[in-house]
Amino acid sequence: MPELPEVETVVRGLQAVLPGRRIVGVRLGKTDFIDDPAALERELPGTRIQRVRRHGKFLVFDLEAADANRGGRQLLLLVHLGMTGQLTVAPGEAPAPPHTHVFFSLDDGRELRYTDIRRFGRMRIFSSGAQADLLGKLGLDPLEATEAEFAAALHARRAQIKALLLDQRVFRGMGNIYTDESLWRVRIHPRRIGANLSAAELRRLYRAVRDVLNEAIRSRGSSISDYVDADGQQGEFQLKHRVYQREGKKCFRCKTKIRRVIVAGRSSYFCPRCQRAPRRHRPEKSGRV
DNA sequence: CGTTGAACCTGTTTGC
DNA sequence: TGCAAACAGGTTCAAC
């Protein structure tokens, strides 16, 4: 579910209501996705939420431990939504959905809740400054990078473009949906080698990635099955997908049937006519398209 | 350096 | 109908 546009949508929803609120209690269900559950229970009560922001697919909560004995110490709470994670704000008395494993009760009677069916998400707190290891390994934010930076990150790489776009050390925030949608827009096959892309192709890909992500943010993300924003509402960008999960359906440009293949270990949807396959090591072409 | 497959976990869909 | 396999927005690790 959660790629850059979905995380951005959740962040905006939380940033609209959480700053200034104080966490007054922590309740935990299953904790196998939390790095140090005891630290959450020990450190978070009493902290005040200053800001909620996004770093790649991570949500970052800036917290201030305002107690006198803690001297305004800064804390960071990092949350990754994995595949099925949800962060929502609800009245404390409202029933929580199944698989809700973290409850942060707030000083206004509401709760910030974390629900995650598959528990592929992650949750961890840091004293500020010590978080460099996790976030520092991530690559460029595609919405902040310049065209030159974007091209430089790809032009010398011999890996498949799909793998490069998915690699969080290259770009932070891209996932399976927006990678396929971006490649379709610029007619680039997911198995093309990064270094083999022309300067013109890199320029168009840069534009397509930004356009797709910005349009998806405007639509409040893609809801395939589990994704909801901080208010529990679904996104709408799934209605605008051109290739993702459209195997066997007609290409919006040329009517050819969309195909699904595995690239970089992930289902990859593309139009075999618009997105021409690169030459293989062992050519055995059928001769004609 | 780059690729592949498995693992983590639960639920839904598809196929025989 | 029933059961098993395949598949799902992500990340990480081992093996080659």
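Reminder, nothing fancy here: chain letters follow the sequence lines and each chain counts from 1. For the numbers below, each heavy atom of this structure counts, side chains included, while hydrogens, waters and symmetry mates do not.
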_Between B:dA6 and C:dA5, how far apart are the two P atoms, rounded to whole Å?_
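Roughly 14 Å separates the two P atoms.
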
*Between C:dA6 and B:dG5, how far is it from one C1' atom to the other, in whole Å?*
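Looking at atom C1' only, C:dA6 and B:dG5 are 16 Å apart.
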
*Measure from NZ or CZ of A:Arg27 to the centre of the six-membered ring of A:Phe103 and say whether it is under 6.0 Å with the direction within 45° of the ring axis.*
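A:Arg27 over A:Phe103 ring: yes.
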
Can you measure [X] atom [atom1] to [N] atom [atom2] for me and round it to whole angstrom units?
{"X": "A:Asp116", "N": "C:dG10", "atom1": "CG", "atom2": "C1'", "answer": "11 Å"}
{"X": "A:Arg119", "N": "C:dT11", "atom1": "CZ", "atom2": "P", "answer": "18 Å"}
{"X": "A:His80", "N": "C:dT11", "atom1": "NE2", "atom2": "P", "answer": "4 Å"}
{"X": "A:Leu4", "N": "C:dT11", "atom1": "CG", "atom2": "P", "answer": "11 Å"}
{"X": "A:Asp35", "N": "C:dT11", "atom1": "CG", "atom2": "P", "answer": "15 Å"}
{"X": "A:Asp226", "N": "C:dC7", "atom1": "CG", "atom2": "C1'", "answer": "13 Å"}
{"X": "A:Ile177", "N": "C:dA8", "atom1": "CD1", "atom2": "C1'", "answer": "10 Å"}

What does [X] touch in the nucleic acid at a heavy-atom separation under 4.0 angstrom: a base, only the sugar-phosphate, or nothing?
{"X": "A:Gly175", "result": "sugar-phosphate"}
{"X": "A:Arg157", "result": "sugar-phosphate"}
{"X": "A:Ile224", "result": "base"}
{"X": "A:Ser223", "result": "base"}
{"X": "A:Phe33", "result": "nothing"}

Taking 4.0 angstrom as the limit, do [X] and [Y] come out as a salt bridge?
{"X": "A:Asp141", "Y": "A:Arg54", "result": "yes"}
{"X": "A:Asp180", "Y": "A:Lys162", "result": "yes"}
{"X": "A:Arg110", "Y": "A:Asp108", "result": "yes"}
{"X": "A:Arg122", "Y": "A:Asp35", "result": "no"}

*Validation row: A:Leu134, A:Phe126 side chains within 4.5 angstrom (heavy atoms)*: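 The answer is yes; the side chains approach within 4.5 Å.
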
*Report yes if the side chains of A:Val170 and A:Leu165 come closer than 4.5 Å at any heavy-atom pair, otherwise no.*
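Side-chain contact under 4.5 Å: no.
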
*Specify the residues of residues 160-174 of chain A, ordered by number, for which at least one heavy atom lies under 4.0 angstrom from an atom of DNA chain B.*
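Hits under 4.0 Å, by residue number: A:Gln160.
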
*Using chain A heavy atoms and a threshold of under 4.0 Å, write down where along DNA chain B the contacts begin and end, 5' to 3'.*
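Taking any atom under 4.0 Å from a heavy atom of chain A, the span is B:dG2 to B:dG11.
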
Pairs under 3.5 angstrom only: tabulate donor-acceptor contacts from the side chains of residues 147-157 of chain A to other protein residues two or more places apart or in another chain.
{"unit_1": "A:Glu149", "atom_1": "OE1", "unit_2": "A:Thr146", "atom_2": "N", "d": "2.8"}
{"unit_1": "A:Glu149", "atom_1": "OE1", "unit_2": "A:Thr146", "atom_2": "OG1", "d": "3.4"}

_Cluster companions of A:Phe270 among Ile, Leu, Val, Met, Phe, Trp, Tyr (side-chain spacing under 4.5 Å)_ =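 Direct or chained contacts put A:Phe270 with A:Val261, A:Val263.
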
*Under the 3.5 angstrom rule, does the side chain of A:Gln275 hit a backbone N or O of A:Cys271 as a donor-acceptor pair?*
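Yes, A:Gln275 side chain to A:Cys271 backbone: donor-acceptor pair under 3.5 Å.
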
Can you give each donor-acceptor pair under 3.5 Å made by side-chain atoms of residues 249-259 of chain A, sequence neighbours left out, with the distance rounded to 0.1 Å?
{"unit_1": "A:Arg253", "atom_1": "NH1", "unit_2": "A:Trp184", "atom_2": "O", "d": "3.1"}
{"unit_1": "A:Arg253", "atom_1": "NH2", "unit_2": "A:Trp184", "atom_2": "O", "d": "2.8"}

*Let me have DNA chain B in dot-bracket notation, would you? Count Watson-Crick plus G-U wobble pairs, both distances under 3.5 Å, and use [ ] for pairs crossing earlier ones and | for inter-strand partners.*
.|||||||.|||||||

_Any A:Arg118 side-chain nitrogen or oxygen under 4.0 Å from OP1 or OP2 of C:dG10_ =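 Checking C:dG10 against A:Arg118, no side-chain N or O comes under 4.0 Å of OP1 or OP2.
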
*Output yes when at least one side-chain N/O atom of A:Tyr269 is less than 4.0 Å from OP1 or OP2 of C:dA8, else no.*
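Checking C:dA8 against A:Tyr269, a side-chain N or O does come within under 4.0 Å of OP1 or OP2.
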
_Residue pair A:His241, A:Gln238: steps toward the side-chain contact (heavy atoms from CB on, under 4.5 Å) verdict_ = CA-CA 5 Å; A:His241 290 175; A:Gln238 68 279 6; 4.0 Å; yes

*Of A:Ala156 and A:Ile262, whose nearest nucleotide on DNA chain B comes first from the 5' end?*
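Closest to the 5' end, via its nearest nucleotide, is A:Ala156.
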
